Amino acid sequence: MAEDKKIEYDFAAHERPLFQAWKDAGYFQRSKGFGKHAGESYTIVIPPPNVTGVLHMGHALNDTIQDTCIRRARMRGFQTRWILGTDHAGIATQTKVDKHLAEQGINRREIGREAFIEACQEWRLQYGTTIVNQISMMGCSCDYEDEQFSMSEEFSQAVRKVFVDWYHDDLIYRGKRIVNWCPSCTTAIADDEAEYEDEKGHLWYLRYPLTEPVDGMDYIVVATTRPETMLGDTGVAVSPQDERYKHLIGKTVMLPIVNREIPIFADFYVDKEFGTGCVKVTPAHDPNDYAMGERHDLPRVNIFDETAHVVEGYGDLSGMDRDEAREAVVAKFEEMGLLDHIEDHDHSVMHCYRCHNKLEPWLSEQWFVAVDELKRRAAEVVEDGTIQFFPARWSQVYLDWIANLKDWCISRQLWWGHRIPMFYCDECGWQDASLEDIDTCPACGAKVRQDDDVLDTWFSSQLWPFATQKWAQLGNESPDLVKHYPTQVLSTARDIMGLWVARMVMSSLYCTHQIPFYHVLIHPTVMGADGKPMSKSRGNGVDPVELMKNYGADGMRFGLLMQVTGAQAMRFDYQKIESSRNFANKIRNAARFVMMHLDGYTPGEPKLTTPADMCIFSRLATLIKDVDAAFETYDFGEITRSLYPFFWNEFCDWYIEFSKSRLSADNDPEDRLNCQRNLVFILDQSIRLLHPIMPFVTEEIYQQLPCEKDSPYLIGAVWPDAEDFEKYCNTSAERSIELVCQVISAIRSSRARYGISPKTPLDVVVKANDADVELLNSEKALVESIGAARLSAAADASKPAESSAVLSAGVEVYVCLSGLVDFEAERARLSKERAKVDADVAKLTKKLSNKGFLAKAAPEIIEKDRGKLADLTDRLARIDEQLENL
RNA sequence: GGUCGAUUGGCGCAGCGGGAGCGCAGGUGCCUUACAAGCACAAGGUCGGGGGUUCAAAUCCCUCAUCGACCACCA
């Protein structure tokens, strides 16, 4: 039978129309604001997803976080704006399109630059559309009618303006440097884009013959992990502190194979403990060697072409790729008797973060951004707290990154991207950066050419927060910027802290003289269920679209936020998503319950007439405060941990249960109406608090609930104001309900322990103090209906014969069992309980006889413990009494 | 090599100086007319090891162990 009920819920069928309704009603556009925050803006720029792929879990989490923030801000009356857009992702897209074309047998070089860019445009339109659709499936309330793109006409103007300005301000310069070169992508990439991977390798010990033997020595031995680069050696370095080689400094060796005479010199960089203490120096193919080469004025011999094949002039080695060349070089050394020996050696090797091929440090002409001035100010705004990180410890990571920053290589030898706006005249040598394309040389009139390279994707991404707001067109007075800048919060995972976050700060401070955002929220990285990064090869990936289909967007959103902590990573947990789906279902059912009991309902102010009313309103007041506080620190885990138990346990499990008898047709109509109004009110406030996280189910309920509508849609409704609810705080009502619940639980517990059906009515006797007795008597109907019992409470009640007892602080609950009790079992249970209470009494007694404790502990703590001890001692006595009675 | 983080019931996690909690799994009993994607009840942990501070430590400090991330990198 149960099987029949398991109908698949069609989430999309419920979610899509709501999304469309919001969109049609214009809620995704900038909100106008209302109430006390009406004059304040709250803006978020979405970290633009790359146009290379589809939505992944990282996006799902990050976009949920942003939508949750923006929805709450909208409900609080801020003027909200969530800027949507995508990133052209230069190297990533080019790689994908290359591959895509290759599958059709097309080579990029054959079709040429223009045709290739066209292919990229097609690709980005397709994938850009896909990913924006997926964002909308999540319910994200960003401005879909103002979609940005990092290579749009408008955005390109900004990129160009920044390049030209920075070039003229001497922040951008050109230089021949060692850069990380990807021989597969045939482009330079920035240091931050290189990934180190540990590899098992070898150390080859090579003999370099001395040009003239010294003291009987014919050769020196160098150790290297890359023997093939010896072709480009222009020196051998030793440590200045190394006595072994002191006499060789100034001498020369004859480089084998190429027969070049190269000097032996001393340099502080050399560690005399490593290898033989002699280092072969290849300035053109190693950054450290390059530095040594600069210090000692060594020539740079480039032995590789752009695809890492040996260039002309090296005989049979020419044309070999670097791996072949390595084998060949080692073989030649062996033939010549110059291979001393080989050792195993593990080391880390740089790989391209896109294609994962080994990178080659390669000498080439590139464009750089000088970062010294930029980075100083970018550090200041974090040090002085103008920009705050959440969790705060990430600010140190940011500052460390900034501190280690070196000049940034921004040119890429790609076709897909912002072409560098530099123009050169080959006739007269004129060159300049220009906002407009230039055909003829202003100096000599000859034809000029534009630089072939494009800019690093991050050069454009860094402008995202302000270039999307008409900065290039209208400057810092752009109305968008005046209203919506700085943005409120930037939410991202930590991996692009340096690549993106820090650079946005640097460029924004320079270009707009403002910080780009007040808060940086670093959320945990979503790992697979195995705790490892999600990846195709591991097969531990989870598809958000699939998740939304099976659990609903609300379920996915709540489930993801449930897992958010201050940690660096979170392990994806299906169970959390599943319980969130169940939670959404619970909300739906609770609403259904309320709405099917609204016969004769008329709207009106809530009226709190019972302790249950006062209790749930008091708990609601606390909830609002807790949720607000958790939002202040972006503690989404805490937010869900407040909302979930309130709604499920306090509202559904207790308050709704308490309401049932009041809702029956034969109850006093006025009491019934009060109850209905209170239910509607609590439900109304609950869905407001839940809406930022679970927009769909809450909106669906809002549309049907006859609550007071301050907005046609919940998305535009007013967020509960904690101050307005303070009047409902009522700890004594909370304690009263706690007592009622305790008694009901005690009855249920006895029932369960002795296997008595919930339908069998039981006689229950409660002994308690006068106040509690009064309360229980006033709530008698409640206890009796929920506990299926006949209750009598009295201060001087005594234990009826043949009853089970549940004792708690100040209250004794006796359930008459009329011969159903297994006294042995009851005795055993009581004995066990006695042992526990006895142990607690001993512990507390010891604590309270400790002079140090009495002298130094806070008085209220001591009072609390004394009270606790009195309770426990009392309880112990009563347990003993029970045991005797048995 | 440097920095930061983690170690709490079977699993995943919260709590971060004064009574060990949540979700899920597992156990028992319930198709109680909002919900079996549910309800009720019960069980389960000397909070990684050791030391210290404190009247009081899962919580603060030190140390060890294990795991993880980031940065740097020795040819």
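Throughout, protein chains are lettered first and strands after them, A, B, ... in sequence-line order, and every chain is numbered starting at 1. Values in this document were obtained by computation on a predicted structure and should not be read as measured data. Hydrogens, waters and symmetry mates play no part in the numbers below; they use all other heavy atoms, side chains included.
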Engineer: Which stems, defined as runs of 3 or more consecutive Watson-Crick or G-U wobble pairs with both pairing distances under 3.5 Å, involve RNA chain B?
Structural biologist: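 Result, WC/G-U stems under 3.5 Å: B:1-7 with B:65-71, B:10-13 with B:21-24, B:27-30 with B:38-41, B:48-52 with B:60-64.
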Engineer: Under the side chain to side chain donor-acceptor pair (under 3.5 Å) criterion, do A:Arg300 and A:Thr234 qualify, and how do the steps go?
Structural biologist: CA-CA 7 Å; A:Arg300 298 164 192 155; A:Thr234 53; over 6 Å; no
Engineer: As a test of reading the structure: which of B:rA75, B:rC35, B:rC41 is closest to the side chain of A:Ala752, going by heavy atoms?
Structural biologist: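 In terms of side-chain proximity for A:Ala752, the closest of B:rA75, B:rC35, B:rC41 is B:rC41.
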Engineer: May I ask you to say what A:Ala855 touches in the nucleic acid, namely base, sugar-phosphate or nothing, with a heavy-atom cut-off under 4.0 Å?
Structural biologist: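 Touches nothing.
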Engineer: Can you tell me how far P in B:rC61 sits from the matching atom in B:rG18, rounded to whole Å?
Structural biologist: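 To the nearest whole Å, 15 Å.
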Engineer: Classify the nucleic acid contact of A:Trp648 as base, sugar-phosphate or nothing, counting any heavy atom under 4.0 Å across all strands shown.
Structural biologist: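 If one applies the 4.0 Å heavy-atom cut-off, A:Trp648 turns out to touch the sugar-phosphate alone, with no base involved.
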Engineer: Measure the distance from NE2 on A:His597 to C1' on B:rU33 and round it to the nearest whole Å.
Structural biologist: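 Spelled out: NE2 on A:His597 to C1' on B:rU33 is 8 Å.
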Engineer: Which residues satisfy the side chain to side chain contact (heavy atoms under 4.5 Å, CB included) test with A:Lys847, sequence neighbours excluded?
Structural biologist: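 So A:Lys847 forms a side chain to side chain contact (heavy atoms under 4.5 Å, CB included) with A:Leu844, A:Phe853, A:Asp865.
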Engineer: So A:Thr282, base contact, sugar-phosphate only, or nothing? Heavy-atom distance under 4.0 Å.
Structural biologist: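 No contact.
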Engineer: Across the strands shown, which category fits A:Asn404 at heavy-atom distances under 4.0 angstrom: base, sugar-phosphate, nothing?
Structural biologist: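 If one applies the 4.0 Å heavy-atom cut-off, A:Asn404 turns out to touch the sugar-phosphate alone, with no base involved.
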Engineer: Step by step, would you call A:Leu61 with A:His523 a side chain to side chain contact (heavy atoms under 4.5 Å, CB included)?
Structural biologist: CA-CA 8 Å; A:Leu61 173 63; A:His523 65 247; 3.6 Å; yes
Engineer: Would you measure the distance from the C1' atom in B:rC31 across to the matching atom in B:rA25 and give it in whole Å?
Structural biologist: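 Looking at atom C1' only, B:rC31 and B:rA25 are 23 Å apart.
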Engineer: Nearest to the side chain of A:Ser579, which nucleotide is it out of B:rA37, B:rG23, B:rC41?
Structural biologist: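 Nearest to the side chain of A:Ser579 among the choices is B:rG23.
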Engineer: Nearest to the A:Arg581 side chain among B:rA37, B:rG38, B:rA34, which nucleotide is it?
Structural biologist: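 For A:Arg581, the side-chain atoms sit closest to B:rA37.
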Engineer: Contact class for A:Leu203 vs. all strands (heavy atom < 4.0 Å): base, sugar-phosphate, or nothing?
Structural biologist: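 Result for A:Leu203 = nothing.
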Engineer: If you look at every strand shown and take non-hydrogen atoms under 4.0 Å, does A:Val270 touch a base, only sugar-phosphate, or nothing?
Structural biologist: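 A:Val270: base contact, heavy atoms under 4.0 Å.
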Engineer: Roughly, in whole Å, what's the span from CD in A:Glu657 to P in B:rU33?
Structural biologist: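 Rounding to the nearest Å, CD of A:Glu657 and P of B:rU33 are 11 Å apart.
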Engineer: When A:Tyr208 is tested against each of A:Ile264, A:Val221, A:Asp233 for side-chain contact (heavy atoms from CB on, under 4.5 Å), which residue passes?
Structural biologist: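 With A:Tyr208 as partner, side-chain contact (heavy atoms from CB on, under 4.5 Å) holds for just one option, A:Asp233.
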Engineer: Describe the nucleic acid contact of A:Lys532 in one word from base, sugar-phosphate, nothing, applying a heavy-atom distance below 4.0 Å.
Structural biologist: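 Result for A:Lys532 = nothing.
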Engineer: For A:Asp271, answer base if it contacts any base atom (sugar-phosphate contacts may also be present), sugar-phosphate if it contacts only those atoms, and nothing otherwise; contact means non-hydrogen atoms under 4.0 Å.
Structural biologist: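 If one applies the 4.0 Å heavy-atom cut-off, A:Asp271 turns out to touch a base.
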Engineer: OP1, OP2 of B:rA40 versus side-chain N and O of A:Ser749: anything below 4.0 Å?
Structural biologist: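 For B:rA40, OP1/OP2 do not have a side-chain N/O of A:Ser749 under 4.0 Å.
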Engineer: Is there any salt bridge (Lys or Arg N to Asp or Glu O under 4.0 Å) pair reaching into residues 637-653 of chain A, and which pairs are they, with sequence neighbours excluded?
Structural biologist: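 As it turns out, the salt bridge (Lys or Arg N to Asp or Glu O under 4.0 Å) pairs with a partner in residues 637-653 of chain A, which skip direct neighbours, are A:Arg619-A:Glu650, A:Glu638-A:Arg641.
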Engineer: Determine the contact category for A:Asp653: base if any of its heavy atoms lies under 4.0 Å from a base atom, sugar-phosphate if only primed atoms, P, OP1 or OP2 are that close, otherwise nothing.
Structural biologist: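 It contacts sugar-phosphate atoms only.
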Engineer: Sugar-phosphate atoms are those with a prime plus P, OP1 and OP2; base atoms are the rest. Using that split, label each nucleotide of nucleotides 3-22 of chain B B, S or - for protein heavy atoms under 4.0 Å, 5' to 3'.
Structural biologist: --S------BSS---BB---
Engineer: Less than 6.0 angstrom from the centroid, inside 45 degrees of the normal: does A:Arg295 satisfy that with respect to the ring of A:Phe265?
Structural biologist: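 Geometry flag: not set, cation outside 6.0 Å or 45°.
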Engineer: For B:rC4 versus B:rA75, give the span between their P atoms, rounded off to a whole number of Å.
Structural biologist: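 Per the computed distance, 26 Å lies between those P atoms.
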Engineer: Taking the P atom of each, how far is B:rA56 from B:rU3, in whole Å?
Structural biologist: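 B:rA56 and B:rU3 have their P atoms separated by 33 Å.
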Engineer: Using the side chain to side chain contact (heavy atoms under 4.5 Å, CB included) criterion, which residues pair with A:Glu738? Sequence neighbours excluded.
Structural biologist: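 None.
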Engineer: Looking for any heavy atom pair under 4.0 Å, which part of the strands does A:Arg494 touch: base, sugar-phosphate only, or nothing?
Structural biologist: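 Here A:Arg494 touches the backbone only, sparing every base.
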Engineer: Expressed in angstrom and rounded to an integer, what is the separation of A:Phe593 atom CZ from B:rA37 atom C1'?
Structural biologist: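 Taking atom C1' of B:rA37 as the reference, CZ of A:Phe593 is at 19 Å.
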Engineer: Taking OP1 and OP2 of B:rG38, is either one under 4.0 Å from a side-chain nitrogen or oxygen of A:Asn582?
Structural biologist: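 True: A:Asn582 side-chain N/O within range (under 4.0 Å) of B:rG38 OP1/OP2.
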Engineer: Go through the structure and list residues passing side chain to side chain contact (heavy atoms under 4.5 Å, CB included) with A:Asn589, not counting sequence neighbours.
Structural biologist: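 Partners of A:Asn589 by the side chain to side chain contact (heavy atoms under 4.5 Å, CB included) criterion, ordered by chain and then number, come out as A:Asn585, A:Arg592.
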